[in-house]
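Atoms considered below: every heavy atom in the structure, side chains included; atoms not considered: hydrogens, waters and symmetry mates. It should be emphasised that the depicted structure is a prediction, and the values quoted were computed from it without experimental measurement. This chain uses plain numbering: 1 for the first residue, then up along the sequence.
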Amino acid sequence: MVSSSQEDVAGIRERIDTPVTYIRPILEWIFWVGFAALVYAQTGYFDKKIPEYAFGATGWPRALTIAMIIGATGQFVYQMASIWRGKDLAAIDGDDSEPQANGKTATLGSKLQRLGIFVVPLIYLYLMPRIGFYVATPIFVVVLLLLFEVRSVITIATVTAIVYGLALLVFTRFFYVALPTGRIEAFYDINNAIISIVRAGM
């Protein structure tokens, strides 16, 4: 007979393993980063020097957009860590008989996982200007889901397709946001090919 606590654990695991759990925080983060990138790009229209002010007219606007990206990344890490803590709770409640030695290993794994959750978005932001938004984003989503121990191919494919598809529709087709297309020639060509496909028929 299944106990109430076991049913609760099963319910937690079922909720965590659904694509919807991961879609919202990833979409929110990409939206705010994309919005900040758009605002940052617009500051180029009034980039003028101001006497006795080293940073010029774009100093404060660009500082605010960078702060927005940092804040969005912090919120994103917090949300994903909350999801991960839910997985931890389900794992602990679901297997109380695990040896203490494995608990130490899990603690080390937890620390590495938290570090990865923080570092991966920073790597994404670093690589985006170089390989382009359209190449970096799906890779980022897949790596992030793997970090959260999502192993279902269907869940990974569904989340990646929905997040990437919405980002393409909103930023590229509807609002014509000038997202980075990459500095490396091969990636530049790939990014522009994706843009052409998304905007086909317009």
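- The shortest distance between side-chain heavy atoms of L145 and T155 does not fall below 4.5 Å.
- A cation-pi contact links R130 to Y126, judged by a cut-off of 6.0 Å to the six-membered ring centre and 45° from its axis.
- Residue V198 is not grouped with residue Y188 when hydrophobic side chains (ILVMFWY) are merged at heavy-atom distances under 4.5 angstrom, including chains of intermediate members.
- For the residue pair Q79 and E28, a side-chain donor N or O sits within less than 3.5 Å of a side-chain acceptor on the partner.
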Handout entry: side chain to side chain contact (heavy atoms under 4.5 Å, CB included) between I195 and L168, worked out
Key = CA-CA 8 Å; I195 293 172; L168 290 177; over 6 Å; no
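- A pairwise comparison of heavy atoms in Y134 and Y164 identifies O-OH, 2.5 Å as the closest pair.
- Cluster annotation: L38 and F174 are assigned to the same hydrophobic cluster (Ile/Leu/Val/Met/Phe/Trp/Tyr, side-chain heavy-atom contacts under 4.5 Å, transitive).
- No chain of hydrophobic side-chain contacts below 4.5 Å, direct or via other Ile, Leu, Val, Met, Phe, Trp or Tyr residues, connects I197 to V170.
- Below 30°, between 30° and 60°, or above 60°: for Y124 and F140 the angle between ring planes is below 30°, a parallel geometry.
- When all heavy atoms of P121 and G116 are compared, the closest pair comes out as CD-O, 4.3 Å.
- Within the 4.5 Å cutoff, side-chain heavy atoms of L144 are placed close to those of F76.
- Nearest approach of M128 to V33, heavy atoms of both residues: CE-CG1, 4.3 Å.
- Taking the six-membered ring where the residue is Trp, F35 and F31 present parallel rings, their angle staying beneath 30° rather than reaching 60°.
- Checked by atom type and distance alone, the side chain of R183 never pairs as donor or acceptor with a backbone atom of I131 at under 3.5 Å.
- Among all heavy-atom pairs drawn from A36 and I69, the shortest one is CB-CG1, 3.6 Å.
- Of all heavy-atom pairs spanning F133 and N191, the tightest one is N-OD1, 3.6 Å.
- Contact check for L146 versus R151: side-chain heavy atoms found under the 4.5 Å cut-off.
- Shortest non-hydrogen contact noted between T172 and R199 is O-NE, 2.8 Å.
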